[in-house]
*Asks:* 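Can you keep this structure in mind? I'll have questions shortly.
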Amino acid sequence: MTDAAAPPSLRGSLGVIGYAICLKGIVWREALRFLHQRERFVAALVRPLVWLFIFAMGFRSVLGVSIIPPYETYVLYEVYITPGLVAMIQLFNGMQTSLALVYDRETGNMRTLLVSPFPRWFLLTSKLVAGVAVSLLQVAAFLAVASFWEIEPPTAWGYLTILPALVLTGLMLGALGMVLSSVIKQLENFAGVMNFVIFPMFFASSALYPLWRVREGSPVLAMICELNPFTSAVELIRFAFYQQIDWTSLAVVAGSTAAFLAAAILAYDPARGMLVRREG
Amino acid sequence: MKALAPNAAPFPALEVAGVSHSYGKRVALESVSFCVAQSSFTALLGLNGAGKTTLFSLVTRLFAARSGHIDVLGFDLARAPSQALRRMGVVFQARTLDLDLSIAQNLAYHAALHGLFPRDARARSEALLARFGLAHRMKDKVRDLSGGEMRRVEIARALLHRPRLLLLDEPTVGLDIAARADLLAHVRGLVRGEAVGVLWATHLIDEIDQGDDVVVLHVGRVLDRGKVGDVVNRAGARTIGEAFRKLTGIAEPEGASS
């Protein structure tokens with residue numbers, strides 16, 4: 001059977017141009033939705049700012065940070081936690097994308113996405129890219145506010161060099177959220193995601209305190225923190241801010257991204273995935 | 001390949017052949033087979049829990065059937081999903097429009113999902129909305145529409161990419177009598193005007209016309225299928241409502257007089 005059986009006057013493309021149109025459409029919708037949900041934007045901005053201006057100010061004298069790479073001088077505590085808060089923005093955004101997927105599945109939006117003739121791996125990846133694009137907007141707004149308090153990379157190039165790091169960490173956390181979304185049955189379970197995914201990942205990482213400090217308290221916890229891919233995400237962003245590449249973190253984040261993405265695509269596979277086992 | 005022009009194609013719009021599905025041990029569909037001819041209106045009649053939703057999930061490829069196969073215009077959904085899906089338009093039971101976006105934005109998103117060129121998509125959107133009496137509301141937010149209008153937008157959206165098969169899962173749920181009749185008339189018009197084969201899932205007997213095809217689904221099985229008149233005759237009944245009750249063994253509601 002050839003394409004001659006295609007409906008007449010259907011002017012579209014399932015070739016490269018079609019893929020581009022489809023990706024653009026998915027990102028565009030996600031951005032539009034985000035701009036229409038002002039509360040979400042404000043929440044995404046206020047959350048890290050609260051951490052930065054209340055938590056960090058309160059702790060700056062308690063938690064001294066010694067000179068550890070990539071820092072070459074003593075840094076203020078709020079400078080230390082900024083990369084962690086950037087990663088937190090992406091963590092929340094990634095989980096919120098997963099929340100949206102569960103919500104979409106309940107309202108049927110996920111289904112309209114999945115009846116697209118493009119391959120499912122492409123649709124899911126496009127959805128992830130859209131989520132990352134939104135997280136970049138959030139991070140940009142956060143860093144803009146932070147720069148008023150002179151929390152900045154050593155040179156303006158740092159804003160450019162964190163971009164690829166942010167894309168990768170955003171994909172990793174978004175893909176993790178997507179895997180979770182296939183497992184979560186209902187929207188109410190998002191509280192569980194907060195308790196069992198977001199908080200442990202955030203606190204058992206180098207986002208708020210350097211790992212040598214954790215090791216002083218508990219070597220076991222320090223090891224858990226090191227194994228936590230979120231730590232790698234934080235460190236990748238931290239080094240990228242200083243125009244450096246932390247190769248170990250890069251490897252862990254890239255590997256985790258690939259693994260989570262593969263799991264997400266498998267979870268949404270029509271024949272083998274999680275959906276097939278479940279009613280409704 | 002001129003022979004495959006509309007109406008001349010040898011394939012039915014939809015063919016469901018020997019499809020079974022179960023969730024764990026619970027059997028949801030058992031060896032379900034039926035066809036939707038091109039440019040025809042087929043009602044899928046069944047009560048809640050008959051398996052209609054599972055069947056829609058399978059036909060729209062949310063997940064794959066455990067056994068049997070589903071063809072759209074001759075394209076196997078499992079082996080050529082892209083070809084099958086591009087010929088299919090779907091209106092899900094749940095409302096699936098973005099309430100905060102305008103009608104035009106909702107349609108543009110859907111067009112992108114099908115890889116349609118934006119300029120063509122816009123022209124097609126305008127033509128379809130004009131047909132559904134909503135042309136002047138392109139820029140309105142979906143939130144401001146009535147239930148019946150939202151459904152019409154969803155049908156317009158499902159038709160954007162010129163599918164040859166249109167699936168509707170209980171589309172009149174939550175609509176008042178006038179909106180229901182209006183929607184039905186619109187969709188019946190499409191069968192002629194757009195040459196689509198329609199599968200209309202419902203539990204409402206009065207939505208079925210004498211000339212329709214009907215598939216009676218009950219507890220995961222097809223009890224009978226064919227022209228409404230034939231199904232009524234085979235059941236030894238006078239109306240499709242009576243035939244449905246006889247086939248399913250459901251008692252006539254008290255006080256009903258059909």
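Everything numeric here is computed off the predicted structure, so don't read it as measured data.
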*Asks:* With the side chain counted from C-beta on, respond yes when Phe63(B) and Leu114(A) share a heavy-atom pair under 4.5 Å apart, and no when they do not.
*Replies:*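 No, too far: nothing below the 4.5 Å cut-off.
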*Asks:* Pick one of side chain, backbone, both or neither for Gln105(B), based on which atoms fall under 4.5 Å of a heavy atom in chain A.
*Replies:* both
*Asks:* Can you list the residues of residues 20-34 of chain A that sit under 4.5 Å from chain B, counting heavy atoms only?
*Replies:*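 Ile21(A), Cys22(A), Gly25(A), Ile26(A), Trp28(A), Arg29(A), Leu32(A), Arg33(A) fall under the 4.5 Å cut-off.
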*Asks:* I'd like to check Arg111(A) versus Ser57(B) (side-chain heavy atoms, cut-off strictly below 4.5 Å). Are they in contact?
*Replies:* yes
*Asks:* Is the number of heavy atoms from other residues, nucleotides or ligands within 6.0 Å of CD1 (Ile17(A)) greater than 12?
*Replies:* no
*Asks:* Which pair of heavy atoms, one from Pro117(A) and one from Ser82(B), lies closest together, and at what distance?
*Replies:*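 In terms of heavy atoms, the two residues are closest at O-OG, 2.9 Å.
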*Asks:* Evaluate the side-chain contact (heavy atoms from CB on, under 4.5 Å) criterion for residues Tyr268(A) and Leu62(B): first the C-alpha distance (whole Å), next the side-chain angles of each, then the deciding distance (0.1 Å), finally the verdict.
*Replies:* CA-CA 8 Å; Tyr268(A) 278 94; Leu62(B) 184 65; over 6 Å; no
*Asks:* Could you give the distance from OG1 (Thr112(A)) to CG (Asn106(B)), rounded to the nearest 0.5 Å?
*Replies:*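 Thr112(A) OG1 to Asn106(B) CG: 9.0 Å, rounded to 0.5 Å.
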*Asks:* Step by step, work out the side-chain contact (heavy atoms from CB on, under 4.5 Å) result for His36(A) and Leu101(B).
*Replies:* CA-CA 8 Å; His36(A) 280 281; Leu101(B) 305 189; 3.5 Å; yes
*Asks:* Just wondering, are more than 12 heavy atoms of other shown residues or ligands nearer than 6.0 Å to CZ in Phe196(A)?
*Replies:* no
*Asks:* Checking heavy atoms, do the side chain of Phe92(B), its backbone, both or neither come under 4.5 Å from chain A?
*Replies:*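 It is the side chain, since no backbone atom gets that close.
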*Asks:* With a 4.5 angstrom heavy-atom cut-off, is it the side chain or the backbone of Arg124(B) that approaches chain A, or both, or neither?
*Replies:* neither
*Asks:* Ser116(A) side chain to His114(B) main-chain N or O, any donor-acceptor pair under 3.5 Å?
*Replies:* no
